[in-house]
Every structure is written in C-alpha cells, then in structure tokens.
Amino acid sequence: MKKYTDTGKKDTRSGFGDGLTELGKKNKDVVALCADLTGSLKMDEFKENNPERFFQIGIAEANMIGIAAGLTIGGKIPFTGTFANFSTGRVYDQIRQSVAYSGKNVKICASHAGITLGEDGATHQILEDLGLMKMLPGMTVINTCDYNQTKAATIAIAEYEGPVYLRFGRPKVANFTPANQNFQIGKAVQLQEGTDVTIIATGHLVWEALQAAETLNAHGVTADVINIHTIKPLDDEAILKSVKKTGCVVTAEEHNFLGGLGESVARLLSTHHPAPQEFIATQDTFGESGTPEQLMDKYGLNASAIVSAVQKVIARK
C-alpha cells in the first residue's frame, strides 16, 4: 500500500491564489474579478502585479458574473472570486443565463465551501453548490483536495475553453499530492489499489479516505482509493473499472448527499454495473457554527466514518 505524506498543512484557497499569480505572469488574457473578498480569496498578489487586469466589483456578485461574461467577448479569460455560497446560490440566474447558456469562458472560483468554513455558520456553509453547478449544461465542475492540486487546477482551467466551477476551502488541510502534478480535467487519480472496496472521494475527504484506507489495511481490508477532483465530467471508466473489481463502493464528500458526487456515482453504477454503495456526506441538512474538526466529526465526514461505511458496504456484497 502506497503511503501518502502530509508535507505541511496549507489552505486550498492559497493554492488558488498562487496559481492565479502564476497565470498573471504567463497569460496576459487572464483577468480577475473579486466581490470585496480579495484577502480571503488570496488574490492580493495578482492585484498588485496586474492592477490593470484586476477588477474590485464590491458586494455585487451578480454584477461580477455579468461583467465576467462580457469580458470573454473580447477574448479575456476572467476568474471570479468570492465565497462558494455567493459564487453559486446568490448568482445562479446570472450564471445560468449569461455564462452556461451562453457558453462563456468564465472561471467561477469559489472559496470557503462546505462545513469546514467553520465558525461562520450555516448561512455561509453551502452544501449544495456542486449539485447546483453540475446540473448546468456545459459546466465543468472541479473540487480539489489540497494546496498543490488547487494550484495545478487553477492553472489548468485557464487553458480549457468553456465555463468552469472551481471549488476549494478555507482551513489548512494536509498537502500530500505532487507539487508539479499534471492536472487533467475529467481524469480521476488512483491513489491506492485494493481488492475489497472502492473508496471514491473528493475535496477535503480525499485525505480522510487515505487515512481510512490505512486503518482498514491494518485489519486486512484493502481499498481502491480514487480522487475524483472533477465532478463533471465524471471519469466513468475509472469508476467502473474499480467497482467491477471490488464489488462495492463508498463515496465521500463535504456536500449534501443529494446532488453531489455520490449521486453521480450511483447514477453511473445503476445504468452500467449495479453495486452496493454507502454515502459519506451531509444528510439533507444545513450546517452550524463550530470548528472544522468538530463539524466534520459531528456530521460524519472523517476517516472513522469512512471505515464504518466500508464495513457496512462490504457486508452487503
């Protein structure tokens, strides 16, 4: 079993900021727009280096999306930045009509997603954003797991033609993927191979899946661990290949089980290879105020919950 090492905890939003800074140096068509949260989105350095390509829109997210869509007409590649709740729910109509329906090359970059936003509470902890965005025709949906992968994804989506939703988070989390990785949109990353169960995880739950796999291995259970960083388009081939081998699957995400990664996997399996599945996700609920660790524990979004789900799903084979 390959062991991944935490090289030092870093926040994924800093991966976005550093990726954007690098893009600013090498791609003059990249522009950035922010809704009064420049520091929180780590966009300061891009702003300092490229003041003529940075637009502070203020607390006017709908306007920000509309301006971004307009900028694409002149060949610019706009990256919008605000909290995930404001990036999706607040401006869904503008995204649907001006970006998705119109096929505009806008990169919607969303920080502070999920319950690991923490103490700000339920009003800010969006847990339905992946579902909202994946239902939009033509929208690519990406949810990265650590600093390195977020930086790589930020750089990669600038080269991709079409609307993208890039989701990342607030807290410092394990940084364990390669520093100079080749980020391929729509291509799953196999982190570990096993024969007893497939664990498919996204975002902050990828590291938890790896920790769960270590625990399971010590008890004689081996797991395929797959990092699905691209929720849409889903890597159908990688998922089916694994589940056909193991015979069961656990999906893990920091999102409502309705509309998220797990539901996409269930749809795929129901039409191509039915298999027992357990869901690690929030259960049709809003969040609450607390530390990220407290909330992940309360809502069952951690390694121990994954281990329990694996034991349950194996018993159903």
Side-chain angles (χ1 to χ4, degrees), residues 84-85 88-89 92 110 112-118 121-136 139 141-145 165 167-169 188 197-209 211-212 223-236 239-240 242-243 246 248-288 290 292 294-316:
N85 195 26
T88 56
Y92 196 71
H112 293 57
I115 60 171
T116 52
L117 170 55
T123 56
H124 285 49
Q125 295 164 349
I126 195 162
L127 293 163
E128 63 271 19
D129 54 315
L130 295 177
L132 286 171
M133 300 306 281
K134 81 176 189 180
M135 286 190 292
L136 290 171
M139 181 68 70
V141 180
I142 297 172
N143 184 34
T144 50
C145 67
Y165 178 61
R167 183 199 213 227
F168 42 92
V197 63
T198 298
I199 304 175
I200 298 173
T202 188
H204 294 152
L205 270 294
V206 175
W207 178 251
E208 298 297 323
Q211 303 315 295
D224 260 6
V225 179
I226 301 175
N227 173 8
I228 295 287
H229 52 65
T230 306
I231 308 297
K232 179 187 173 186
L234 197 66
D235 191 340
D236 295 358
I239 293 169
L240 290 171
S242 177
V243 177
T246 66
C248 61
V249 60
V250 171
T251 52
E253 60 193 309
E254 187 185 349
H255 189 271
N256 196 327
F257 79 97
L258 298 169
L261 169 65
E263 198 165 86
S264 288
V265 171
R267 175 201 54 77
L268 173 67
L269 295 179
S270 69
T271 53
H272 291 87
H273 187 76
Q277 179 177 348
E278 292 292 328
F279 297 75
I280 297 297
T282 58
Q283 302 297 304
D284 194 23
T285 183
F286 290 102
E288 61 186 289
Q294 288 171 332
L295 296 171
M296 294 285 271
D297 182 59
K298 177 172 181 176
Y299 289 88
L301 306 182
N302 55 23
S304 61
I306 294 173
V307 169
S308 296
V310 166
Q311 293 168 340
K312 185 176 180 180
V313 82
I314 287 177
R316 293 172 55 198

Minimum heavy-atom separation for [X] and [Y], please, with both atom names.
X    : Y    : value
A84  : I126 : CB-CG2, 3.6 Å
N256 : T285 : ND2-N, 4.2 Å
Q277 : R316 : O-NH1, 2.9 Å
A201 : A209 : CB-CB, 3.9 Å
D235 : A188 : OD2-N, 2.8 Å
Y299 : F286 : OH-O, 3.5 Å

* Determine whether the side chains of D224 and T246 contain a donor N or O and an acceptor N or O closer than 3.5 Å. =>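 Distance-only check fails for D224 and T246.
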
* H255 and side-chain contact (heavy atoms from CB on, under 4.5 Å): which partner among L301, L205, L261, D129? ->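 For H255, the side-chain contact (heavy atoms from CB on, under 4.5 Å) check succeeds only for D129.
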
* To do: Among E254, E288, H124, K298, find the residue that satisfies the side-chain contact (heavy atoms from CB on, under 4.5 Å) test when tested with I115.
  =>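 The side-chain contact (heavy atoms from CB on, under 4.5 Å) with I115 is passed solely by E254 among E254, E288, H124, K298.
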
Below 4.5 Å, heavy atoms only, C-beta onward: do [X] and [Y] meet side chain to side chain?
X    : Y    : result
L136 : Y92  : yes
F257 : D284 : yes
N85  : H112 : no
Q125 : L295 : yes
T230 : N143 : no
V265 : I228 : no

How long is the straight-line distance from [atom2] of [Y] back to [atom1] of [X], given to the nearest 0.5 Å?
X    : Y    : atom1 : atom2 : value
I226 : I200 : CD1   : CD1   : 5.0 Å
L234 : S264 : CG    : OG    : 6.0 Å
L258 : F279 : CG    : CZ    : 9.5 Å
E263 : L130 : CD    : CG    : 11.5 Å
I280 : I306 : CD1   : CD1   : 6.0 Å
E208 : S304 : CD    : OG    : 8.0 Å

* Within a radius of less than 6.0 Å around NE2 of H273, do more than 12 heavy atoms belonging to other residues, nucleotides or ligands occur? ->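 Counting other residues, nucleotides and ligands, NE2 of H273 exceeds 12 neighbours.
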
* Quick one: list whatever passes salt bridge (Lys or Arg N to Asp or Glu O under 4.0 Å) with R267, sequence neighbours left out. => none

* Asked: Given the rule in the side-chain contact (heavy atoms from CB on, under 4.5 Å) test, do I199 and T251 qualify, once you have shown the distances and angles that lead to the verdict?
  -> CA-CA 6 Å; I199 304 175; T251 52; over 6 Å; no

* Any donor-acceptor pair under 3.5 Å from K134 side chain to K232 backbone -> no

